[in-house]
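First listed ligand is number 1; within each ligand, the first listed atom is number 1. Both backbone and side-chain heavy atoms feed into the values below; hydrogens, waters and symmetry mates do not.
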Amino acid sequence: MVERAEETFFTHLECSRTGESYEKSEIQHVSRAGAPLLARYDTARARASFQPDALTGRPFNIWRYRELLPLANARDILSLGEGGTPLLQAHRQGARLGLSRLYIKDEGLNPTASFKVRGMAVAVSMAVALGAKELAVASAGNAGGALAAYAARAGLPAHIVVPRDAPRGMVAEAEAFGAEVTTVDGLIGDAGRLVAERSERHGWYDLSTLKEPYRLEGKKTMGYELFEQLERTLPDVILYPTGGGTGLVGMWKAFDEMEALGWIGSGRPRLVSVQSTGCAPLKRAMESGALECTPWENAATIAPGLRVPKALGDFLILRALRETKGRAVAVTDDELMKASRALTATEGIFACPEGGACLAALESLVDESWVGKDETVILFNTASGAKYF
Ligand SMILES: *Cc1c(COP(=O)(O)O)cnc(C)c1O
């Protein structure tokens, strides 16, 4: 008899504040303490078979890491080909900044042209497998488009709430996928409150950032991909445009898992959270030594993905930055727009404003000599600039 390969080593969910365990076979949102839940795996057992060589020959998308993703049955996977984005050397910007190893992870090449699909592919697959019938999310724009696409794939209704000034193209995209889009006068937090209220009332499954445990699992695949694309090493520095923080916290989690699996040692890339000066709660908390953010008043920035005055998982982001000896950097809207245009015109990738923010932040870190000339540096372009019209 041929023994079937293990599909997942997922064991349980854990409260990110108290460590309390939660059952994985039921629908779970946040913990009793109101904190995000983290998926945990039996890495001690996975270590025997789930090694980098096991990935050889698998398609380059997020599901190649399925043993460390939560789906119990491959037949429940809803996929549009998410992940497996290129890691491109930024030759011109690297030369300009005097960096020999500057790379762009271009997430604009994902389905729906943003990295939000990594999280939604896993979260919607899990939601449907657990019996969810209607899906909902609060979004600055890209998360809504991503949810709408997977809801269409699953044949389930989706309800999306966005701030009134979300980019029109993103709203049109969600509507094209058949989602119901509601606008609110306010910010992402106001959208989140409306989604929570209606989810409670109508039994919708709330997929807002860190209100369920599985978007994080999809986002963590960016960490695994970097390891593979850099010939089984990790970079020295990762600059990441941060809103709710799932990308950053996801990669940080991936690195811990990779160490537990024996893929890497205890070294970590220095994680840099990039924000706009119009909404920089993480930078303020890093400077004051706070363990959590205080909500940023009158948050305003042209980069919708960065306009998060207070993230549910802020304490995890701050821990990730501090433990990796990273930083939080804020750049002005003018700087990030200039940098996104420069990145686009000099490297041939269509940078979004949030991606531009990473290049602008890198300039200041190079000026400070915080980044070394021969260090491997990753800029995340989290969406395609084509979506921002
Ligand atoms: C959502 C979003 C972000 C912020 O991502 P988090 O992982 O939630 O911090 C950054 N850039 C773009 C384009 C986004 O859509």
What residue and atom, counting heavy atoms only, is the protein's closest point to atom 12 (C) of ligand 1, and at what distance?
T382 OG1, 3.2 Å
So, regarding C352 and ligand 1 (criterion: nitrogen or oxygen to nitrogen or oxygen, under 3.5 Å), is there a contact or not?
no
Contact with ligand 1 for T242, non-hydrogen, under 4.0 angstrom:
yes
Residues R66, E7: salt bridge by 4.0 Å N-O rule:
no
For atom 14 (C) of ligand 1, which candidate among E107, K116, E354 provides the closest heavy atom?
K116
Among all protein heavy atoms, pick the one closest to atom 5 (O) of ligand 1 and tell me residue, atom and distance.
F115 CZ, 3.3 Å
If we only count N/O pairs under 3.5 Å, is A383 in contact with ligand 1?
no
Check K253 with D256, please: is the shortest side-chain N to carboxylate O separation under 4.0 Å?
no
Looking at ligand 1, would S114 count as a contact under a 4.0 Å heavy-atom criterion?
no
is_close_aromatic(Y240, W252), centroid dist under 6.0 Å
no
Heavy-atom distance under 4.5 Å between the side chains of Y224 and R64, does that happen here?
no
Checking side chain to side chain contact (heavy atoms under 4.5 Å, CB included) between L97 and each of L362, V371, D367, which is the one that passes?
L362
On a heavy-atom basis, I'd like to know which of Y240, F380, Y388 is closest to atom 13 (C) of ligand 1.
Y388
State plainly whether the residues R319 and E292 are in salt-bridge range, i.e. N to O under 4.0 Å.
no
